[in-house]
Amino acid sequence: METTESLGYLKGLLDGLDLDANKKETKVFKAIVDVLSNLAEDVDDMTEGLELLAEQIDAVDEDLAEVEDYLMEDDCDCDCDWDCDCDDCCDCDEEYEEFEVECPLCGAEITVDEETVLGGAIPCPNCGEMLEFEVECDCDDCEDEE
């Protein structure tokens, strides 16, 4: 039984008791039923609001999915510095790798990410020596072109 049905049943029981309307107990029972009636209306209003909110969230979720699909269908937009045109070199779904590099001048070991390596060069944070990186593509398509 739903709340409104239970409330109607309770009102019917109260009316069926044929209580004297002038007695204090009868007034208390009727006041309790009125409060319960107000609470049931509030719950119904909140339920309707939640249903509307859920519909709006679903609509926003669908719109966002369309935007994601639109943005993801574009070609790779990452800042790869590969000189080849093959699709094997650039995989935008993977995170950048990290590499350990040793400075030839001071021997300091430095951790650099793939983006830094692709940038070509950085100064050694220990001695300032310029560390240069050469990027070679080792995919099968590029090897065939050589």
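These figures come from a predicted structure and were not determined experimentally.
Atom CZ of Phe133 sits in a crowded spot, with more than 12 heavy atoms from other residues, nucleotides or ligands closer than 6.0 Å. Atom CD of Glu134 has 12 or fewer neighbouring heavy atoms from other residues, nucleotides or ligands inside a 6.0 Å radius. No more than 12 heavy atoms of other residues, nucleotides or ligands sit less than 6.0 Å from atom OH of Tyr9.
Here the SG-CG distance, from Cys124 to Leu131, works out to 5.5 Å after rounding to the nearest 0.5 Å. To the nearest 0.5 Å, the span separating CZ on Phe29 from NZ on Lys23 amounts to 11.0 Å. One finds the CD1 atom of Ile57 at 9.0 Å from the CG atom of Leu50 (value rounded to the nearest 0.5 Å). Atom CG of Leu64 sits about 9.5 Å away from atom CG of Asp69, to the nearest 0.5 Å. Here the straight-line distance linking atom OG1 of Thr3 with atom CD of Glu41 works out to 12.0 Å at 0.5 Å rounding. If you take CD1 on Ile110 and CG on Asn126, they are separated by 7.5 Å, rounding to the nearest 0.5 Å.
With hydrogens and angles ignored, the 3.5 Å screen pairs no side-chain donor or acceptor of Thr111 with any backbone N or O of Glu100. Without hydrogens or angle criteria, Glu48 side chain to Asp45 main chain gives no donor-acceptor distance under 3.5 Å.
Closest non-hydrogen pair, Cys106 versus Cys127, comes out as SG-SG, 3.8 Å. Scanning all heavy atoms of the two residues, the minimum distance from Thr26 to Ala21 falls at CG2-CA, 4.0 Å. Residues Val112 and Ile122 share a closest heavy-atom pair of CG1-CD1, 3.6 Å.
Residue Val35 is not grouped with residue Leu13 when hydrophobic side chains (ILVMFWY) are merged at heavy-atom distances under 4.5 angstrom, including chains of intermediate members. With hydrophobic clusters built from ILVMFWY side chains whose heavy atoms lie under 4.5 angstrom apart, Leu53 does not share a cluster with Met46. Criterion: ILVMFWY side-chain heavy atoms under 4.5 Å apart, direct or through other members. Under it, Val60 and Leu71 are not part of a common hydrophobic cluster. Met130 and Val117 are assigned to two separate hydrophobic clusters, defined by single-linkage of ILVMFWY side chains at heavy-atom distances under 4.5 Å.
Contacts of Ser6 classified as side chain to side chain contact (heavy atoms under 4.5 Å, CB included), with partners at least two apart in sequence or in another chain: Met1.
Within the 4.5 Å cutoff, the side chain of Val43 has heavy atoms near those of the Thr47 side chain. With a 4.5 Å cut-off on side-chain heavy atoms, Lys30 and Leu14 count as touching. At least one side-chain heavy atom of Ser37 sits less than 4.5 Å from a side-chain heavy atom of Lys11.
Asp113 and Thr116 form a side-chain donor-acceptor contact under 3.5 Å, judged by distance and modelled atom types alone.
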